[in-house]
Amino acid sequence: MSVSASFSPVPRAARLFLASGGLLGLLSVAGGALAAHLPDAMFAAPSGRTLAREAVEMGMWHAPALLAVGILLCVRGRRVPLLLAGAAFALGVVLFCGAVGWTGVTGQHLGPVAPSGGSLLMLAWLLMAVDGLRR
């Protein structure tokens with residue numbers, strides 16, 4: 001079997017974001033199962049389960065975003081806005097979802113961690129828009 005001359009390997013950054021998106025999807029499904037089935041005593045307050053579900057939902061929404069960044073890097077090549085968007089998605093989801101989930105389970109607020117993560121997620125979406133407007 002021969003490989004066509006137009007075949008090119010998947011860029012390292014694209015593989016990283018594709019793998020991150022897949023892993024985030026896996027962790028979100030697992031977190032959703034835990035949020036649905038853990039006993040109420042495992043959550044810090046009556047609203048703790050709701051907070052945990054919110055964290056899972058945000059993670060699940062951003063898993064396809066990371067996959068999109070990986071795919072776009074394969075299609076468009078290495079572009080700074082895409083690389084920055086992927087990094088902001090990855091870090092933002094860890095900070096935001098981690099802090100919200102932590103609060104749901106322990107009742108302890110982590111100060112500016114969740115808002116910082118949310119700001120990174122908004123920045124990532126803005127960077128995706130910027131890249132979409134570029135030629």
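By convention here, the first residue in the shown sequence is residue 1. Keep in mind that the numbers below use all heavy atoms, side chains included, and drop hydrogens, waters and symmetry copies. Since the structure is predicted, the reported quantities are computational estimates derived from the model, not experimental observations.
- Of the inter-residue distances, the one linking Ser119 atom OG with Phe96 atom CZ reads 10.0 Å to the nearest 0.5 angstrom.
- Residue Cys97 holds its SG atom at 7.0 Å from CG of Leu121, rounded to the nearest 0.5 Å.
- Side-chain contact between Leu27 and Leu23 is present, with heavy atoms from C-beta onward closer than 4.5 Å.
- Summarising the geometry, atom CG belonging to Asp131 is positioned 11.5 Å from atom CG belonging to Leu126; distances are rounded to the nearest 0.5 Å.
- Between Leu95 and Gly117, the shortest heavy-atom contact is CB-CA, 3.7 Å.
- Contact of the Leu72 side chain with the Met128 side chain is registered, since non-hydrogen atoms from C-beta on lie closer than 4.5 Å.
- Looking at every heavy atom in both residues, Met60 comes nearest to Gly25 through CE-O, 3.7 Å.
- Residues Val113 and Trp102 fail the side-chain proximity criterion, which asks for heavy atoms closer than 4.5 Å.
- In this structure, Ala44 and Thr103 approach most closely via the heavy-atom pair CB-O, 4.1 Å.
- At most 12 heavy atoms of other shown residues, nucleotides or ligands fall within 6.0 angstrom of atom CZ in Arg78.
- Taking the side chain as every heavy atom from C-beta outward, Leu24 and Val93 approach each other to under 4.5 Å.
- The heavy-atom pair separating Leu73 from Arg79 by the smallest distance is CD2-N, 4.0 Å.
- Note on Leu82 and Trp125: same hydrophobic cluster, where clusters join Ile, Leu, Val, Met, Phe, Trp and Tyr whose side-chain heavy atoms are under 4.5 Å apart, directly or indirectly.
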Working note: Leu34 + Met42, criterion side chain to side chain contact (heavy atoms under 4.5 Å, CB included); need CA distance, chi angles, decisive distance, verdict.
CA-CA 10 Å; Leu34 288 172; Met42 295 298 294; over 6 Å; no
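- Here the closest heavy-atom approach between residue Ala88 and residue Leu120 is recorded as CB-O, 3.5 Å.
- Below 30°, between 30° and 60°, or above 60°: for His62 and Phe89 the angle between ring planes is between 30° and 60°, a tilted geometry.
- Closest non-hydrogen pair, Ala52 versus Ala35, comes out as CB-CB, 4.2 Å.
- Considering OG of Ser47 and CZ of Arg53, their distance stands at 12.0 Å, rounded to 0.5 Å.
- Side-chain heavy atoms closer than 4.5 Å link hydrophobic residues (I, L, V, M, F, W, Y) into clusters, and following such links, even through other members, never connects Val56 to Met58.
- Taking CZ of Phe43 as the start and CG of Leu51 as the end, the distance is 10.0 Å to the nearest 0.5 Å.
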